[in-house]
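Here the structure is a predicted model, which means the values were calculated and not measured. Letters go in sequence order (proteins before strands), and every chain restarts at 1. The figures here come from the full heavy-atom set of this structure, side chains too, leaving out hydrogens, waters and symmetry mates.
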Amino acid sequence: AADKIRLIPQDFLAELCEQIIQHLNRKIPGINTAELCQRIQTSGVDINIGDLAKIANTLSFLFSTAARNNLSTEELVTTLGSGVSTLPKHAVQVIRHVWNEQGKAIAVSEDAGNMATVGQFVDMKWKLGVAMSSDTCRSLKYPYVTVTLTVADPSGQITDKSFEMTIPQFKNFFRQFKEMASVLETV
Amino acid sequence: QLVSALHNLTRHVVYRGLIRAEDILCLFPENFHQNLKNLLTKIILENVSTWRNEAQASQISLPRLVDLDWRVDIKTSSDSIARMAVPTCLLQLKIQEDAALCGNNPVVSALTVELSKETLDTMLEGLGRIRDQLSAVANK
């Protein structure tokens, strides 16, 4: 991953590092790797989302370990230097700068929230539609519900998952959630 | 050639949504054998709604929800906090990719998500709004 990091322009790398630190600080639910990757690609850099995800994971691990061990900026840079000798100079500069500005603020959190072994639910978007016609049926009139769940996976990266439900499925879906809510109330 | 012709006939009936015997009967050419024509129409009529449902089920679509499992847990302690009682919800959705793309081996992926009480309430609100929309559309 170190050689891929040299591809990322400095300001995008800084943005990635900031998102990682905000995520570690529980200020944002996750790191928007997909969106960042698209913007980097639009600027002309040829990087794929898998590589960007690996880089994000490595940086996240780096920052969280440094936070737990209370490393100062100099200690962090020294560790970087000894561990990863092939990191390009501009990358080290960015990491050093971001850590200097915001690293100390990473609270070793008391909050129960994050034994994140499964994805964390971030957002739900929905759409109610009617399929009017298809190549097999000219007059369909088939109603369906489309849902997009935004989930932050255990490493913090945000992904979207979309799926469709028929109306009976949706009614069951709704019923299950009401059950869950009432169990959560009484527990 | 016979199979192909029958296939075209049935597809045409399903496409046009023909459900009355007269509409199907007039598809046949004039000098077609009378009894055969009636028999074919009868068979087609019996099957038309099954075929229509199948067409609806296999049309192109986004991945479909096939199963939903959930569980409510209480977190009692962790390496950073010795005692707590935080209720949390674990949800597993099984999603099947578009059947038309997968042929006979549908790919089912599982999405496991954790929800807190707040996120669950937000979700319920969204779902309630869908339900209201559905009733509004149904009443039109």
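Proximity to chain A (any heavy atom under 4.5 Å) is restricted, for B:L111, to the side chain, taken from C-beta onward. Heavy-atom distances place the side chain of A:L128, and not its backbone, under 4.5 Å from chain B. Residue contact with chain A, scored on non-hydrogen atoms closer than 4.5 Å, involves the backbone of B:T88 exclusively. Both the backbone and the side chain of B:V14 have a heavy atom closer than 4.5 Å to some heavy atom of chain A. When heavy atoms are compared at a cutoff of 4.5 Å, A:K178 approaches chain B by way of both its backbone and its side chain. Heavy atoms closer than 4.5 Å to chain A are found in both the backbone and the side chain of B:I130. Interface residue A:A131: only side-chain heavy atoms are found under 4.5 Å from chain B. For B:L120, the part lying under 4.5 angstrom from a heavy atom of chain A is the side chain only. A:T146 touches chain B through its side chain: at least one heavy atom from C-beta onward sits under 4.5 Å away, while N, CA, C and O do not. For B:L127, the parts sitting under 4.5 Å from any heavy atom of chain A are the backbone and the side chain alike. Interface remark: B:L65 contributes backbone and side-chain atoms alike to the contact with chain A (heavy atom separation under 4.5 Å). For a residue to count as touching a neighbouring chain, one of its non-hydrogen atoms must lie under 4.5 Å from one of that chain's; by this rule A:Q169 touches chain B with the side chain only. Contact of A:M165 with chain B is made through the side chain alone, with heavy-atom distances under 4.5 Å.
Each of A:N100, A:V94, A:I95 was checked for a side chain to side chain contact (heavy atoms under 4.5 Å, CB included) with A:V98, and the lone residue meeting it is A:V94. Among B:D23, B:L45, B:T41, the one residue that satisfies the side chain to side chain contact (heavy atoms under 4.5 Å, CB included) test with B:L18 is B:D23.
Side-chain atoms of B:N47 come within 3.5 Å of backbone N or O of B:I43 as a donor-acceptor pair. The backbone N or O of A:A56 lies less than 3.5 Å from no partner atom in the side chain of A:S60, so there is not a single donor-acceptor pair.
Ranked by heavy-atom pairs under 4.5 Å with chain A, the list B:R131, B:Q133, B:R64, B:R11 is led by B:R131. With chain B as the partner, the residue from A:S133, A:S139, A:P143 showing the most heavy-atom pairs under 4.5 Å is A:S139.
B:V113 and A:Q120 get closest at one heavy-atom pair: CG1-C, 4.0 Å.
The cationic atom of A:K171 (NZ for Lys, CZ for Arg) does not lie both less than 6.0 Å from the six-membered ring centre of A:F173 and within 45° of the ring axis.
Note: A:F174 and A:F170 have parallel aromatic rings, judged against thresholds of 30 and 60 degrees for the angle between ring planes.
With contacts defined as side-chain heavy-atom distances shorter than 4.5 Å, the pair B:D73/B:P87 does not qualify. You'll find the side chain of A:Q19 reaches within 4.5 Å of the side chain of A:E15, heavy atoms only. Side chains of B:M84 and B:K75 form a contact here, defined as non-hydrogen atoms less than 4.5 Å apart.
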